[in-house]
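Here's the structure we're looking at; comments come further down.
Along the sequence shown, residues are numbered consecutively beginning with 1.
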Amino acid sequence: MATIVKTPSATWKAVIRKTGWPTTAKTFRTKRDAEDWSRRTEDEMVRGAYIQRAGADRLTVADALTRYLAEITPSKRPSSQISDRQRSAILTKHLGKYSLAAVTPEVAAKFRDLRLAGEDRKDAIGGPVPRSNDTVRLDLALLGHLFTIAIKEWGIGLPANPVMNIRRPTPAPGRNRRLTAGEEAKLLKAVALHSNPMLRWIVGIALETGMRSSEITGLRRVQVDLDRRIVRLLETKNTTPRTVPLSKDAVEIFREAITHPVRPIDTDLIFFGEPGRDGKRRPYNFNPVWLNIKREQGLADVRFHDLRHEAVSRFVEAGFSDQEVSAISGHKSMQMLKRYTHLRAEDLVARMDEAALRHRGQLREA
């Protein structure tokens, strides 16, 4: 039986001591609430279904996210750490005051719908600005992993992860953007005119190798072997190191970048930025200049990742096998690789005509 006593502050405290279970206590405003909770809790203990929820009742989402950022986030990749900090601020704004126990599937679903509708962000005339499905999926991914860690590693008593019981927004379809010859020429001319030659080198390397922007900007001289015409990537998005072969044009770009006379001696980075407040040089942040050039050239729809898409598609058009393209690009999944290998329709038309001509020739010979 539970012990129920009145406290000096005129509340009622219920204490349950049962063999095989830790002592459990909770304070209530009325005696009846204390008695009802005691009966339910003892019944759950008898059935073996009791979960100690005290920690979940006290720990808020904001405090849990603070602990998550301190204990879990540092083990992730730098880009994921930045994403965690940004998304934790969003989650704290909307759900920070909730205790973990109070975040039900209904609460999580309401947060999802609010973000999708853009009700928390207004445009110039006061209208909502919806978020993309992928943005909201990433918000929910962090929230869901927070609950998973809390339940499995922090010993927080919760019956289930609320995010696992709601619908996730449908993933956006893969982007199929290819550069036209005119767009490529315009883009290459514009970046070549920029005062910092590193922008031209980075864009050229992306088109020649299909490497991601983070893989290119993080390169150090020791990773590039111009004699063997290879680049060794140690840190990649899927965490698997790979070796990228270099075309003759890519070799010349790297040679120019590495031997450029304006190179500081305090860094091994090939594409380096100015020293920060701590005196350390970090990779060249070309994104602000890249965005400006795109707008000026009327190419706002072109993303830097489209250059990777273009390079990988050209490998396919050149006759490389899926395995060969995967070895260059680093895609582990053939299904994911197909998102980047959209052949130009006009090229397929030409090949169809060639096949028809061969077939007609065979018929005449027969």
Side-chain angles (χ1 to χ4, degrees), residues 1-76 84-115 119-120 139-168:
M1 289 290 295
T3 301
I4 300 175
V5 296
K6 192 171 185 179
T7 68
S9 59
T11 58
W12 294 86
K13 183 176 183 180
V15 181
I16 299 176
R17 297 180 178 87
K18 189 174 182 63
T19 303
W21 294 93
T23 300
T24 304
K26 194 170 183 180
T27 302
F28 298 88
R29 187 173 57 85
T30 67
K31 185 177 182 180
R32 182 171 181 175
D33 289 341
E35 291 171 342
D36 289 343
W37 173 81
S38 300
R39 282 193 295 269
R40 289 195 307 270
T41 301
E42 288 180 325
D43 180 62
E44 289 175 355
M45 287 179 174
V46 171
R47 292 186 289 108
Y50 173 67
I51 298 174
Q52 194 166 14
R53 298 178 177 84
D57 289 337
R58 292 192 299 267
L59 185 63
T60 66
V61 172
D63 291 337
L65 283 168
T66 299
R67 181 176 177 182
Y68 184 97
L69 291 175
E71 298 180 9
I72 308 301
T73 297
S75 65
K76 299 184 180 182
D84 277 3
R85 286 192 288 269
Q86 293 172 340
R87 297 189 186 284
S88 67
I90 294 167
L91 293 171
T92 298
K93 175 183 176 182
H94 293 282
L95 302 173
K97 294 182 180 180
Y98 284 81
S99 71
L100 293 186
V103 181
T104 62
E106 291 80 8
V107 171
K110 184 177 179 181
F111 167 74
R112 173 202 64 200
D113 295 341
L114 181 144
R115 293 281 287 166
E119 295 295 339
D120 59 334
D139 293 340
L140 293 175
L142 178 58
L143 182 63
H145 194 234
L146 172 69
F147 274 94
T148 296
I149 293 296
I151 294 170
K152 292 184 176 181
E153 296 191 13
W154 297 345
I156 302 299
L158 289 167
N161 185 332
V163 182
M164 300 302 293
N165 293 318
I166 66 172
R167 291 178 295 105
R168 304 291 183 93

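Arg39 has its side chain within reach of Asp36: a pair of non-hydrogen atoms, C-beta onward, lies under 4.5 Å apart. Between Leu143 and Leu95 there is a side-chain heavy-atom pair separated by less than 4.5 Å.
Closest heavy-atom contact between Ile4 and Ser38: CD1-OG, 4.1 Å. Taking every heavy atom of both residues into account, Phe28 and Ala14 meet most closely at CE1-CB, 4.4 Å.
Atom NZ of Lys93 is separated from atom CG of Leu91 by 12.0 Å, given to the nearest 0.5 angstrom. Going from atom CG of Leu140 over to atom CZ of Arg87 covers 10.0 Å, rounded to the nearest 0.5 Å. Distance check: Thr92 OG1 to Leu69 CG gives 8.0 Å after rounding to the nearest 0.5 Å.
With sequence neighbours left out, Glu106 forms a side chain to side chain contact (heavy atoms under 4.5 Å, CB included) with Thr104. Under the side chain to side chain contact (heavy atoms under 4.5 Å, CB included) criterion, Ser75 pairs with no residue at all, not counting sequence neighbours. Here Asn165 pairs with nothing under the side chain to side chain donor-acceptor pair (under 3.5 Å) rule; sequence neighbours left out. Applying the side chain to side chain contact (heavy atoms under 4.5 Å, CB included) criterion to Ala141, with sequence neighbours excluded, gives no partner residue. Scanning for salt bridge (charged side-chain N to carboxylate O under 4.0 Å, His left out) contacts around Arg40 gives an empty result, with sequence neighbours left out. Remark: Glu119 pairs with Lys122 by the side chain to side chain donor-acceptor pair (under 3.5 Å) rule, at least two apart or across chains. Judged as a ring-ring contact (aromatic ring centres under 6.0 Å, His included), and not counting sequence neighbours, the contacts of Tyr68 are His145. By the side chain to side chain contact (heavy atoms under 4.5 Å, CB included) test, Ala89 pairs with no residue at all, sequence neighbours left out. Not a single ring-ring contact (aromatic ring centres under 6.0 Å, His included) links Tyr98 to another residue, sequence neighbours left out. The salt bridge (charged side-chain N to carboxylate O under 4.0 Å, His left out) search around Glu71 returns Arg67, not counting sequence neighbours. Applying the salt bridge (charged side-chain N to carboxylate O under 4.0 Å, His left out) criterion to Arg115, with sequence neighbours excluded, gives Asp120, Asp139.
The environment of NZ in Lys97 is sparse: at most 12 heavy-atom neighbours from other residues, nucleotides or ligands sit within 6.0 Å.
At distances below 3.5 Å, at least one donor-acceptor pair connects side-chain atoms of Arg112 with backbone N or O atoms of Arg167. A donor-acceptor pair is defined here as one N or O able to donate and one able to accept, closer than 3.5 Å; no such pair exists between the side chain of Thr11 and the backbone of Thr7. Checking side-chain atoms of Glu42 against main-chain N and O of Ile16 turns up no donor-acceptor pair under 3.5 Å.
Between Lys110 and Asp113 there is no salt bridge, since no side-chain N of the basic residue sits under 4.0 Å from a carboxylate O of the acidic one.
The list of ring-ring contact (aromatic ring centres under 6.0 Å, His included) pairs with a residue in residues 146-167, not counting sequence neighbours, is empty.
Each of Ile151, Thr60, Ile156 was scored for a side chain to side chain contact (heavy atoms under 4.5 Å, CB included) with Leu100, with one residue passing: Ile156.
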Quiz item: Can you check side-chain contact (heavy atoms from CB on, under 4.5 Å) on Asp84 and Ile72, steps first, answer last?
Solution: CA-CA 10 Å; Asp84 277 3; Ile72 308 301; over 6 Å; no

